[in-house]
Amino acid sequence: MLRLEQYLRLLPATTHATAPALISASSSLSCTLPNLSAPRLAHSRPPPPRGKTSSAVRASAGPDATVKRAPEMAQREVARAVADQAVARLGARLLPSAVPADVAEFRNGAGNAVGSLDVHRGSPGSSIDFMLQSSLHCKVPNGAIDITSILIFLNASTDAPHFLLELIQGSSTSIVVILDLLPRKDLAFHPDYLQKYYEETRMDEQRGKIEELPQTRPYRSPSLFVRSACSPTAIMVSIDCGQGGEKALEEIMHGQLATVIQEVLQIWLDNCVDSTTEMDEVERDCLLKRDRIVRSKSIEVDLTANLPRMFDPDVSSRVITEIRKAFGVQEP
């Protein structure tokens with residue numbers, strides 16, 4: 001939902017001028033990075049998924065690679081705890097991960113960008129469509145950009161919202177947070193849906209807990225599609241602790257932010273996972289059409305057009321293929 005190019009606009013101007021250095025195959029790109037995106041969705045700690053290794057991927061980075069694996073950091077620790085919370089509750093509703101080793105971990109030939117992907121499909125009869133986790137770590141001349149995300153999408157057995165978490169960090173003192181229960185209906189047209197999943201669950205109180213922090217500022221995605229797809233209770237903020245604020249950001253990540261993320265997930269687990277909805281054929285078709293548009297748009301905007309600019313064509317193709325499988329979106 002949030003493209004890397006959008007977050008780069010929050011970074012110092014010097015990053016924009018030098019950012020193409022992080023793409024091994026981008027010498028022909030201009031220095032204005034607005035066409036650069038990255039995969040979103042991320043694993044709390046980048047896979048390899050349990051029990052898997054990827055010697056082929058490790059070899060692809062070459063002996064001079066500067067990035068071996070995305071570094072451990074507070075945002076990944078928090079996301080790991082959230083992912084573990086979800087997996088523990090969902091249990092048998094999730095099938096084992098079947099992501100190939102060369103997609104579980106991937107990197108570009110220059111070794112300055114590394115990513116990971118893990119996907120668990122929902123088991124037959126459950127309301128879960130898939131749980132997708134991914135991460136991206138890109139070295140830039142003045143530091144690095146790290147993205148960690150978790151998506152849990154439901155299937156057409158319910159119209160309950162999906163779960164979305166994205167943590168996008170461009171410095172050791174600042175981070176963008178996107179946290180939402182993604183609506184699957186037009187909320188103005190379905191006030192009962194708004195009341196059930198957002199008012200009665202008091203979702204807006206969670207947003208208030210983050211926005212009251214003095215280091216927090218509202219984040220407005222430049223993408224109107226992103227803003228239109230989220231709920232009115234979505235947490236979309238930039239947390240900036242200023243120069244020398246590394247410890248302060250870490251304390252916020254492990255403290256108030258971690259608590260709110262886990263509480264939002266708990267709201268979703270308690271109110272959405274086991275929700276069943278009586279829908280006629282027309283309603284279900286509308287629901288499926290909306291889901292397909294959101295998924296297709298995400299792949300079109302975030303991946304197909306831009307992932308090959310960061311990673312070698314064969315690598316980006318493998319990653320996109322696996323995400324298409326998870327999203328249930330075919331090649332155009």
Salt-bridge test for [X] and [Y]: reply yes if a basic N is under 4.0 Å from a carboxylate O, no otherwise.
{"X": "D146", "Y": "R76", "result": "yes"}
{"X": "E205", "Y": "K209", "result": "no"}
{"X": "D314", "Y": "R318", "result": "yes"}
{"X": "K325", "Y": "E322", "result": "yes"}
{"X": "R107", "Y": "D102", "result": "no"}

With no hydrogens and no angle check, just 3.5 Å: does a side-chain donor-acceptor pair link [X] and [Y]?
{"X": "D204", "Y": "T233", "result": "no"}
{"X": "N155", "Y": "S157", "result": "yes"}
{"X": "S123", "Y": "R93", "result": "no"}
{"X": "S135", "Y": "S116", "result": "yes"}
{"X": "E251", "Y": "Q256", "result": "no"}

Would the distance check show the side chain of R121 and the main-chain N or O of D129 forming a donor-acceptor pair, the cut-off being under 3.5 Å? yes

For F130, what residues pass the ring pair (Phe, Tyr, Trp, His ring centres under 6.0 Å) criterion, not counting sequence neighbours? F153, F327

Using side chain to side chain contact (heavy atoms under 4.5 Å, CB included) as the criterion, list what pairs up with T277, not counting sequence neighbours. T158, D159, S275, M279

Would [X] and [Y] show up in the same hydrophobic cluster when neighbours are defined by side-chain heavy atoms closer than 4.5 Å?
{"X": "I152", "Y": "L94", "result": "yes"}
{"X": "L287", "Y": "Y197", "result": "no"}
{"X": "L154", "Y": "L269", "result": "yes"}
{"X": "L213", "Y": "V260", "result": "yes"}

Are F163 and L265 packed together at the side-chain level, in the sense that at least one heavy-atom pair is separated by less than 4.5 angstrom? yes

Which residue is it: L165, L257, I210, L164? I am looking for the one with a side chain to side chain contact (heavy atoms under 4.5 Å, CB included) to L179. L165

Closest heavy-atom pair and its distance - G245, T173: N-CG2, 3.5 Å

